[in-house]
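Structure record follows, encoded as structure tokens.
In this chain, residues are counted from 1 in sequence order.
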Amino acid sequence: MRSPLEYLQGLRDEREVWYRGERVADVTAHPELGIAAKHGALDFEPHDGSDPSGRSPYYVIPRNAEDLRLRSALIEASTTRGATLVVLLKEIGTDALFALHRVAHGTTFQTNVEAFFEHCADKDLAIATAQTDAKGDRSKGPSAQFDPDLYLRIVERRDDGIVVRGAKVHTSCTPNVDEIIVLPTRAMTPDETDWAVSFAVPVSTPGVKLLCSDYLHGADDPWTQPVSSRHKMIETLTIFDDVFVPWERVFLAGDTSAAGQLALTFVEYHRFTAVSYKLPLLDTLVGLATCLAEANGIQKASHVRDKLTWLIGYAETVRGLTHLAANRARVDEATQIAFPDPLTVNLAKWTFARDYHEAVSHVIDIAGGLLVTGPSGADWSSPELRPYLEKYFGAAVPAATRLALLNLASDLLARNYAGYQNVLAVHAEGSLEAEKLMIWRSYDPEPARRLVRGLAGIDNGWTVAPPAPATSDPADRPQSPV
């Protein structure tokens, strides 16, 4: 494994990164992108569970339920170190690599996937995964768009490789990774061969342009924003402006039937990653609610206990479903690679996303209006003002303790970082509708239907079985227990 310093040094290259209209010369030295890079370095701190070769545990290919349980615990622990913000430098990239191993197996691209996996694992690389296309008019597929580049596509095939053009949206961590894996975002029709493409390129490849979102810009007060001032994740519009990709780095080119399969196989792993990294955030909501109830002196109120019970049930339900998704692991017969149970992992993600905003509202209710009307860090640092703040903001605990809790809650529930997490809850790793669709597709209703047919006396042909003939012999009749 590389050290955090070695990882940061590897980011100093010719990558084309833009932030707030300006080209960034060095992402590690930038006042805001540098925070994201340092957050990413958490994935390079020593971890338990490295394989015998000394590789990062993220690169351990899961073969059974235990491997998936260990992976989930690894992601949960890394996110805890990230103060509820997932690191995602190796998590999402290995999700994509596991999916590529399974889908490319038996194809001409299998050796490419295997070689690239070894390259990334041996060099302990950070990988972004670019999947979601710009899409344009959502009612139309790639080939029907007014601009064919709204879905990334192959524009030229050469003897030595392909040239691609297009863009992928909200690609996480792209400015501070080493490689980008590109995956299809959807199933393709037979005539959409140019859009059925998957490959990997270094971030510094000519023609790759990263336009960074500035959504978390300005979170610079560690007193009022204890999480978002120290931890950031940057998303980009990732543009491929006629980028050349050599054949050895191509994993899919023209096979439309494999495009949708690859998109869905990636999601099987990535939603498991998602619910694993959400657990520290849910634990933090429970912890905040209980601490704030005590700080405000309302922990004995029945409606507060009711909200705390709901929050505990919510967090532990998501945790239980996450663990169950690993315990119910399936194994791909061709590759002997394990994957989480699709039904259960989508139930976990759906439960998280469906109830997240209600969880937030419960904590806000317990915290009170000071989440948005409290003092600034400059006020607290003022010798003239601080005595007033200590006097009037004290409650069941001293003002310093109460305001520290309120500032953490405000960062997570009311400020920019809170809005960021609210949108992630709905859209990241797939929308609520996508999760419900996968639950519907993954559930086998036949055992339940068979049970009902048996209870109702209906055979498999929907014929109602005739009632048993009545008997005239009193000795054959059921006897009363009395």
Side-chain angles (χ1 to χ4, degrees), residues 35 79-80 82-86 214-233 278-315 352-382 385-426 428:
I35 296 173
T79 308
T80 299
T84 73
L85 181 63
V86 64
D214 75 339
Y215 186 80
L216 295 178
H217 169 70
D220 55 2
D221 183 352
W223 192 73
T224 56
Q225 296 154 295
V227 174
S228 60
S229 63
R230 297 183 177 97
H231 300 273
K232 293 183 187 294
M233 184 164 66
K278 296 299 185 185
L279 298 178
L281 176 60
L282 299 190
D283 289 342
T284 302
L285 295 184
V286 174
L288 268 176
T290 58
C291 290
L292 283 165
E294 293 176 11
N296 289 337
I298 58 174
Q299 70 271 26
K300 294 183 179 180
S302 60
H303 72 92
V304 171
R305 289 199 305 269
D306 183 66
K307 292 179 176 66
L308 294 176
T309 302
W310 188 96
L311 287 164
I312 293 167
Y314 170 52
F352 164 79
R354 181 195 63 202
D355 293 344
Y356 180 75
H357 297 92
E358 184 174 355
V360 167
S361 72
H362 287 327
V363 185
I364 289 174
D365 188 42
I366 291 169
L370 282 173
L371 292 176
V372 295
T373 65
S376 69
D379 293 332
W380 186 251
S381 298
S382 168
L385 300 179
R386 184 160 175 169
Y388 292 108
L389 302 179
E390 290 178 330
K391 176 178 179 177
Y392 290 111
F393 287 138
V397 297
T401 300
R402 185 179 180 219
L403 289 173
L405 291 169
L406 285 165
N407 286 335
L408 175 59
S410 180
D411 204 11
L412 293 178
L413 308 173
R415 296 180 183 268
N416 281 0
Y417 182 67
Y420 178 78
Q421 288 286 8
N422 282 336
V423 174
L424 291 186
V426 175

Is any side-chain heavy atom of W380 closer than 4.5 Å to a side-chain heavy atom of E390? yes
Side chains of S382 and D379, donor plus acceptor under 3.5 Å: no
Considering all heavy atoms of both residues, which atom of V227 and which atom of A83 are nearest to each other, and what is their separation? CG1-O, 3.4 Å
For N296 and R402, which heavy atoms make the closest approach, and how far apart are they? OD1-NE, 3.0 Å
Can you measure from CG (L279) to OG1 (T84) and round to the nearest 0.5 angstrom? 12.5 Å
With side chains defined as the heavy atoms from C-beta onward, is the minimum distance between V397 and E294 less than 4.5 Å? no
Give, for atom OG of S229 and atom CG of L216, the distance between the pair rounded to the nearest 0.5 Å. 11.0 Å
Can you tell me how far CD of Q225 sits from OG of S376, rounded to the nearest 0.5 angstrom? 10.5 Å
Closest non-hydrogen atom pair, T224 against G377: CG2-N, 3.7 Å
Heavy atoms only: give me the nearest N422-H357 pair and the separation to one decimal. O-NE2, 3.4 Å
Could you pull out the closest heavy-atom pair between P375 and F393, with the gap in Å? CD-CE1, 3.7 Å
Is any side-chain heavy atom of V423 closer than 4.5 Å to one of Y215? no
From T284 atom OG1 to K278 atom NZ, the distance as rounded to the nearest 0.5 Å: 12.0 Å
Could you tell me how the ring of F352 sits relative to the ring of Y356: parallel (under 30°), tilted (30 to 60°) or perpendicular (over 60°)? tilted
Distance from L292 atom CG to L371 atom CG, nearest 0.5 Å? 7.5 Å
Tell me if a side-chain donor or acceptor on S381 pairs with a main-chain N or O of A378 at a distance below 3.5 Å. no
With side chains defined as the heavy atoms from C-beta onward, is the minimum distance between S302 and R305 less than 4.5 Å? yes
Check whether any side-chain heavy atom of Y420 lies under 4.5 Å from a side-chain heavy atom of L85, and answer yes or no. yes
Check whether any side-chain heavy atom of I366 lies under 4.5 Å from a side-chain heavy atom of L308, and answer yes or no. yes
Classify the angle between the aromatic ring planes of H362 and W310 as parallel (below 30°), tilted (30 to 60°) or perpendicular (above 60°). perpendicular
Can you tell me how far apart CG (L412) and CG (L281) are? Round to the nearest 0.5 Å. 6.5 Å
Any donor-acceptor pair under 3.5 Å linking the side chain of S410 with the backbone of L406? no
Contact summary for L311 and L285, nearest pair of heavy atoms: CD1-O, 4.5 Å
Tell me if a side-chain donor or acceptor on D365 pairs with a main-chain N or O of S361 at a distance below 3.5 Å. no
